[in-house]
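Note sheet for the following structure.
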Amino acid sequence: MTERFDCHYCKESLFGKKYLLREENPYCVKCYESLYSNSCEECKKPIGCDGKDLSYKDRHWHESCFHCFQCKKSLVDKPFAAKDEHLICTECYSNEYSSKCSECKKTIMPGTRKMEYKGNSWHETCFSCSRCQQPIGTKSFIPKDNQNFCVPCYEKQFAMHCVQCKKAITTGGVTYRDQPWHKECFVCTGCKKPLSGQRFTSRDEFAYCLNCFGNLYAKKCAGCTNPISGLGGAKYISFEERQWHSDCFNCKKCAISLVGRGFLTERDDVLCPECGKDI
């Protein structure tokens, strides 16, 4: 007696018929396709055993249904992109969604390198200096009047040059006596400390910080011996070639302020009338 060889599902004999195995169990083609075939995303029909099952991210298509959503050209063995669950060939995707180069106005193809700045995009070879036309790439650049310049070209064409070091001033800078300086070059003639953002004064066209100017040129207070700068509206007292800070012009004996009052002198000392009445 011949052993039976039947479909595992419908039990019909498979002798002389095409069949498929799944987990070592035989199935007729009809049952296999009904139970296990994937449905095509495009036409919704089962993908039969005799056709190719093309898959992408757990989705399946007949070979003839696997095409670009927009132009309908086949995507079999071709690169494609996905947008809103639709498959699109690279040409349609580029025309519809890719950035356009701000210089040549052509599409920047996916996968190619692009340069971006303030919402604009360029092909790498189109992002170039407006003066020398050389690609800027990842080098530093300076924008001006909707154009981009490499640093050397910008310095040659636009930048002011420091009166001290003669080099271009690309950021910031200080103007003194109508001449441009780098902040780091504008320093005190005496101590060489930077003067940018600090109070300073000048003598013979040379700039000095207040400390150096006071030590070098200011008159000394007869009371505390510290310099009297007189800058910023500071008041001081002068008498017979001697000077005092207003706060230092006090009676030698009782220390009362003599500003705006009568006073007497005894040698190098100044006295209020009360302390000096016995002189």
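These figures come from a predicted structure and were not determined experimentally.
- Stacking of Lys72 on the aromatic ring of Phe69 is recorded, both the 6.0 Å distance cut-off and the 45° axial limit being met.
- Shown here is Asn25, whose CG atom has more than 12 heavy atoms of other residues, nucleotides or ligands within 6.0 Å.
- Around the CD atom of Glu91, the shell of radius 6.0 Å holds no more than 12 heavy atoms that belong to other residues, nucleotides or ligands.
- We find the CZ-CG distance between Arg4 and Leu14 to be 10.0 Å, quoted to the nearest 0.5 Å.
- In the displayed structure, Lys183 atom NZ is contacted under 6.0 Å by at most 12 heavy atoms of other residues, nucleotides or ligands.
- Gln243 contributes no side-chain N or O that, together with a main-chain N or O of Tyr236, makes up a donor-acceptor pair within less than 3.5 Å.
- Linking ILVMFWY residues whenever their side-chain heavy atoms come closer than 4.5 Å, directly or via other members, leaves Val163 and Met160 in distinct clusters.
- Atom SG of Cys65 sits about 10.0 Å away from atom NZ of Lys44, to the nearest 0.5 Å.
- The cluster map of Ile, Leu, Val, Met, Phe, Trp and Tyr, joined by side-chain heavy atoms under 4.5 Å apart, puts Tyr93 and Leu75 in different clusters.
- Evaluated for a ring-ring contact (aromatic ring centres under 6.0 Å, His included) with Phe141, the options Phe127, Tyr154, Trp122 yield exactly one hit, Phe127.
- Take Ser246 and apply the side chain to side chain donor-acceptor pair (under 3.5 Å) test, not counting sequence neighbours, and it matches no residue.
- Residues Ser196 and Val174 come closest through the heavy atom pair OG-CG2, 3.9 Å.
- Between the side chains of Tyr32 and Tyr9, no donor N or O sits under 3.5 Å from an acceptor N or O.
- In terms of heavy atoms, Phe213 sits closest to Ser202 at CE1-O, 4.0 Å.
- Counting heavy atoms from C-beta on, the side chains of Pro26 and Tyr19 come closer than 4.5 Å.
- Residues Cys221 and His245 form a side-chain contact, since some pair of their non-hydrogen atoms from C-beta on lies under 4.5 Å apart.
- A pairwise comparison of heavy atoms in Gln147 and Ser130 identifies CB-OG, 3.3 Å as the closest pair.
- Residues Pro180 and Cys162 fail the side-chain proximity criterion, which asks for heavy atoms closer than 4.5 Å.
- Taking the side chain to side chain donor-acceptor pair (under 3.5 Å) definition, one finds that Ser99 meets it with Lys114, sequence neighbours left out.
- The number of heavy atoms from other shown groups lying within 6.0 Å of CD (Glu12) does not exceed 12.
- The closest side-chain heavy-atom distance from Ser55 to Trp61 is not below 4.5 Å.
- Residues Cys272 and Leu258 meet the side-chain proximity criterion, which asks for heavy atoms closer than 4.5 Å.
- For the pair His182/Lys167, a side-chain contact is recorded, criterion being any heavy-atom separation below 4.5 Å from C-beta on.
- Pairs engaging residues 118-147 under the salt bridge (charged side-chain N to carboxylate O under 4.0 Å, His left out) rule: Arg113-Glu124 [sequence neighbours left out].
- Counting heavy-atom neighbours within 6.0 Å of Glu241 CD, excluding the residue itself, gives a total of 12 or less.
- The hydrophobic clustering, which links ILVMFWY residues whose side-chain heavy atoms are closer than 4.5 Å, places Ile256 and Ile237 together.
- Linking ILVMFWY side-chain heavy atoms closer than 4.5 Å, directly or via other members, places Ile47 and Leu54 in two distinct hydrophobic clusters.
- The line from CZ of Arg203 to OH of Tyr217 is 5.5 Å long, rounded to the nearest 0.5 Å.
- A cation-pi arrangement is absent between Arg22 and Tyr27, since the terminal nitrogen or guanidinium carbon is not both under 6.0 Å from the aromatic centre and inside a 45° cone about the axis.
- Within the 4.5 Å cutoff, no side-chain heavy atoms of Phe80 are placed close to those of Cys68.
- Proximity of the aromatic rings of Phe200 and Phe186 is defined here by a centroid distance below 6.0 angstrom, and this criterion is met.
- Side-chain heavy atoms closer than 4.5 Å link hydrophobic residues (I, L, V, M, F, W, Y) into clusters, and following such links, possibly through other members, connects Leu216 to Phe206.
- Counting heavy atoms from C-beta outward, Phe249 and Phe239 have side chains that stay 4.5 Å or more apart.
- The local environment of NZ in Lys253 is sparse, with at most 12 non-hydrogen atoms from other residues, nucleotides or ligands closer than 6.0 Å.
- Within a 6.0 Å sphere centred on NZ of Lys220, heavy atoms belonging to other residues, nucleotides or ligands number more than 12.
- Heavy-atom minimum distance, Cys150 versus Cys129: N-SG, 3.4 Å.
- Note that the SG atom of Cys40 and the NE2 atom of His60 stand 10.5 Å from one another [nearest 0.5 Å].
- Distance check: Cys101 SG to Met115 CE gives 11.5 Å after rounding to the nearest 0.5 Å.
- Between atom CD of residue Gln134 and atom OG1 of residue Thr125 there is a gap of 12.0 Å, rounded to the nearest 0.5 Å.
- Ion pair Lys277/Glu274 flagged as a salt bridge, since at least one NZ, NE, NH1 or NH2 atom sits closer than 4.0 Å to an Asp/Glu carboxylate oxygen.
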